[in-house]
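A quick write-up on the structure given underneath.
In what follows, chains are A, B, ... by sequence order, proteins preceding strands, each numbered from 1.
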Number of protein chains: 2
Amino acid sequence: MLESAARGLSRYGYGNLILERVASEAGYTRGALYHQFKDKEDLALAVIDWVDETWREEVGPLVDREPDPVVALIALARGHAVFCRRDVARVAMALRLEFSGQDHPVGRHLRRVSESLVKRCTRLITAGRRAGTIPAGPPARVIALAFIGAMEGAVLELAGQAPHDELLAARAAAGALGIDPDQPSIA
Amino acid sequence: MLESAARGLSRYGYGNLILERVASEAGYTRGALYHQFKDKEDLALAVIDWVDETWREEVGPLVDREPDPVVALIALARGHAVFCRRDVARVAMALRLEFSGQDHPVGRHLRRVSESLVKRCTRLITAGRRAGTIPAGPPARVIALAFIGAMEGAVLELAGQAPHDELLAARAAAGALGIDPDQPSIA
DNA sequence: AAGATAACATACACGCATGCATGTAGGTAC
DNA sequence: GTACCTACATGCATGCGTGTATGTTATCTT
């Protein structure tokens with residue numbers, strides 16, 4: 001059910017998501033859905049948490065095992081690209097776009113989840129700057145936002161076109177960081 | 001009315017767009033809207049054309065006046081970032097995400113319009129490769145998609161945070177192209 | 001000045017998705 | 001075997017947005 005809802009959310013967004021389809025695609029009826037989740041909002045929140053958890057399990061380790069901040073960030077971009085080959089992963093981008101500038105509970109929850117990724121990237125960027133591998137420039141948080149945006153945008157547009165998605169996500173992300181994409185850790 | 005609809009589309013997307021609000025925000029009622037446009041779809045199509053036209057007028061010249069393909073592409077990214085400071089510009093990204101993988105008339109029309117941008121970038125990339133300023137790699141069209149995605153993603157995430165948006169869009173775009181963001185035309 | 005037409009506003013019918021209330025089948029406890 | 005609970009399906013009421021038909025007012029034409 002969660003998987004079906006995630007697919008639906010990533011394809012149609014929250015407002016256009018029809019619970020009837022979510023349920024039937026999972027082999028159930030709407031009744032079953034309302035038995036498992038309080039309402040549509042509750043379902044969306046659960047999906048966000050589920051996707052976030054999956055992301056942490058799948059991409060997190062790739063980042064953590066790299067001691068060098070730049071290498072870690074590039075690994076993050078590559079891992080994200082691979083992660084996004086499952087359509088499920090567009091959920092974050094789709095919902096963020098849909099709820100940006102609004103005060104909807106789903107939007108708030110998504111922002112909270114995303115914020116932890118932004119913070120993670122910001123820390124890596126400041127670490128990279130201290131190490132001298134990331135050049136000075138705009139505030140680290142701004143760089144982090146651009147980093148995430150560029151990575152997600154590239155991945156979204158390539159729509160899982162393996163194997164180029166991985167390389168290009170890494171390159172776009174490296175560009176946002178201001179480092180040469182011709183480095184060994186990227187190419 | 002077009003401007004109000006563009007704001008609405010960029011904020012809420014097509015499905016969540018309420019024509020009542022579009023009209024009232026423009027100082028009219030829904031009656032006036034239905035007098036000027038056949039239906040909701042017709043309105044969205046008109047908005048797409050309007051935004052596209054504005055983009056061509058505003059960003060196009062910045063690209064055309066640069067003889068060097070790389071410089072032209074970076075100018076495109078910078079120009080796009082500036083263009084997107086008006087919320088109007090997210091229309092393309094919002095609708096593309098909403099209609100990707102669907103067969104809706106609005107989505108088709110948007111893809112036709114976007115395709116011309118992809119072609120333009122593809123041509124510039126192949127030109128840059130012939131000139132030796134853009135390294136070899138994945139097909140030019142794939143690079144073009146990543147280029148556009150990275151640029152739009154970065155701009156979207158930065159949400160008009162001038163002046164950083166311009167620099168970071170250029171950097172992310174340069175990264176997708178595989179060129180060093182430390183070049184004079186970018187920084 | 002009268003008729004026509006454009007530019008709106010108003011009011012209503014329809015479809016559709018949500019949420020909830022109710023019904024039902026299977027398992028478990030005692 | 002009866003009481004009860006879980007895991008669903010079914011059916012209905014409500015709200016909301018679209019589209020359209022019908023008014024109303026201004027502007028243009030001759």
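- Heavy atoms of other residues, nucleotides or ligands lying less than 6.0 angstrom from CZ of B:Arg21 number 12 at most.
- Contacts of B:Arg30 classified as side chain to side chain donor-acceptor pair (under 3.5 Å), with partners at least two apart in sequence or in another chain: none.
- Among the protein residues, A:Tyr28 comes within range of the sugar-phosphate backbone only, with heavy atoms under 4.0 Å from sugar or phosphate atoms but none that close to a base.
- Judged by distance alone, with hydrogens and angles left aside, B:Arg30 brings no side-chain donor or acceptor close enough to the base of D:dG17 to form a pair under 3.5 Å.
- Side-chain contact annotation: B:Arg86 with B:Thr54, donor-acceptor N/O pair under 3.5 Å absent.
- You'll find that the side chain of B:Tyr34 is closest to D:dT18, out of C:dT18, D:dT18, C:dC8.
- Mapping B:Gly31 and B:Lys40 onto DNA chain D via the closest heavy atom, the residue that lands nearer the 5' end is B:Lys40.
- Using modelled atom types, one side-chain atom of B:Thr126 and one backbone atom of B:Thr122 make a donor-acceptor pair closer than 3.5 Å.
- A close approach under 4.0 Å does occur between a side-chain nitrogen or oxygen of B:His35 and OP1 or OP2 of C:dA7.
- Spacing between atom CD of B:Glu41 and atom P of D:dT18 amounts to 13 Å, rounded to whole angstrom units.
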With side chain to side chain contact (heavy atoms under 4.5 Å, CB included) as the criterion, how do A:Arg129 and A:Ile143 come out once you've worked through the C-alpha distance, each side chain's angles and the decisive distance to 0.1 Å?
CA-CA 12 Å; A:Arg129 281 191 169 158; A:Ile143 302 282; 3.8 Å; yes
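- Checking side-chain atoms of A:Glu98 against main-chain N and O of A:Tyr14 turns up a donor-acceptor pair under 3.5 Å.
- Residues from residues 7-18 of chain A lying near DNA chain C, meaning a heavy-atom separation below 4.0 Å, are A:Leu17, A:Ile18 in numerical order.
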